[in-house]
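To keep things clear, I will list the structure first and then write my remarks on it.
We're numbering straight along the sequence, starting at 1.
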Amino acid sequence: MPTISSSPTPDPHLHRRMAESFGIDPERYDRNRPAYPDAMIERIVALSPGADFLDVGCGTGIEARQFLAAGCAVLGVEADPRMADFARGTGLEVEVATFEAWEPAGRTFDAVVSGTAWHWVDPIAGAAKAARILRPGGVLAPFGHVYQLPPTVADALAAEYRRVAPDSPLNLRGPSDGSLLDGYQALYARAADGIREAGGFGEPELWRYDWKRSYTCDELLDLVSTSGGLSSLPPDRVAGVLAAVGTAVDALGASVTLSYATWGLTATLTGVQSRERKAN
């Protein structure tokens, strides 16, 4: 996810250093990032014309393992070799590259999926490339989590992060006119615009799943530490942010329940002609 408690930044795919910072501790990332709703996995599998899936920005393989369990064959593409190595250790096949630079070598797929990573891909170039490698009727399905911290915890995180990283492009206070959970719709609206601009797909369908999860203070600090805003900072600055967050969490009691939204969209490839045009 772009950050744990931030509003979407303009053109996040341009911030490559942040995009490739998550592999600093892939084991912690894999342990703390939640799996995706079963209903969402089932939805994408049901829409796909076959079982050959490409997972863009597969990270440690969280969603790839879910698709494997659903009976799919999954190839991962991951820009960070540390994340790719971890994913391979769980039994996944992974190739190291950004999606824009990745070479399909004539391979095609029934579905191109991306779990909390499509915002790091150029939305037009990524959709155009997906159109070239999808089989007729294939599905492009980017999706991702966002969660809402309690207000006092979110304020503590934002204030300390702004103190230690005043030049960061991230806005950890979230949208000023509504819930952070609602605000992340903008990431997928941007992805839908990229799909329309690239051509070759039917009208994207936007969807959302809401759910909750409870954390102890230590579990929440572990989760927050995997965010893009923190994973790209020096350890001493990360420690300061986590100390401020821990103090705010402790004031709330033994555990904290977070509201999550899993946003995503699906778009179906509608014509070979559009795909061939993008390949030329």
Side-chain angles (χ1 to χ4, degrees), residues 35-59 61-78 87 90-95 97-100 102-145 187-209 262-280:
Y36 295 89
D38 290 339
M40 187 209 76
I41 299 295
E42 294 166 1
R43 177 183 197 151
I44 296 170
V45 171
L47 286 171
S48 175
D52 291 333
F53 277 48
L54 181 74
D55 185 1
V56 175
C58 69
I62 294 170
E63 70 279 355
R65 296 193 295 271
Q66 291 183 265
F67 284 113
L68 283 172
C72 301
V74 184
L75 172 65
V77 175
E78 170 56 46
T90 70
L92 298 174
E93 181 182 355
V94 185
E95 298 179 6
T98 63
F99 183 51
E100 294 92 333
W102 174 71
E103 177 50 60
R107 292 168 290 182
T108 58
F109 301 86
D110 296 304
V112 173
V113 299
S114 184
T116 316
W118 193 253
H119 49 275
W120 300 123
V121 177
D122 181 282
I124 300 173
K129 189 158 193 175
R132 293 198 295 271
I133 63 174
L134 280 169
R135 296 165 186 158
V139 175
L140 172 58
F143 50 85
H145 296 313
L187 284 177
Y188 296 93
R190 185 180 301 140
D193 287 342
I195 290 168
R196 296 184 188 102
E197 179 72 17
F201 291 93
E203 179 61 20
E205 179 185 3
L206 187 67
W207 35 262
R208 168 178 173 169
Y209 294 87
T262 300
W263 283 96
L265 62 84
T266 45
T268 301
L269 191 70
T270 57
V272 176
Q273 286 185 343
S274 295
R275 198 174 82 200
E276 290 177 344
R277 184 180 68 251
K278 295 297 179 182
N280 294 328

Heavy-atom pair of closest approach, residues Ala191 and Trp118: CB-CD1, 3.8 Å
salt_bridge(Asp52, Arg107) N-O dist < 4.0 Å: no
Backbone of Trp102 reached by a side-chain donor or acceptor of Lys129 within 3.5 Å: yes
No-hydrogen, no-angle side-chain donor-acceptor test under 3.5 Å, Thr262 and His145: yes
Distance, nearest 0.5 Å, that separates CZ of Arg196 from CD1 of Ile124: 12.0 Å
Identify all side-chain donor-acceptor contacts of residues 67-75 below 3.5 Å with residues at least two apart in sequence or on another chain.
none

Residues that Tyr188 engages under ring-ring contact (aromatic ring centres under 6.0 Å, His included), provided they are two or more places apart: none
Within the 6.0 Å centroid threshold, strictly below: Phe109 and Phe53: no
Check: Ser114 side chain, Val56 main-chain N or O, donor-acceptor pair, under 3.5 Å: yes
Polar side-chain atom of Thr268 near backbone of Gly137 as donor-acceptor pair, under 3.5 Å: no
Side-chain touch Asp193/Pro123, heavy atoms, less than 4.5 angstrom: no
CG on Asp110 to CD1 on Ile133, rounded to 0.5 Å: 11.0 Å
Short side-chain to backbone donor-acceptor contact, Glu78 and Gly59, under 3.5 Å: yes
Any side-chain heavy-atom pair of Arg43 and Glu205 under 4.5 Å: yes
Geometric class of the Tyr209/Trp207 ring pair [parallel <30°, tilted 30-60°, perpendicular >60°]: perpendicular
Test item: Val77 and Asp55 side chains (from C-beta on) under 4.5 Å apart, heavy atoms: no
Under 3.5 Å: donor-acceptor pair, side chain of Ser48, backbone of Val45: no
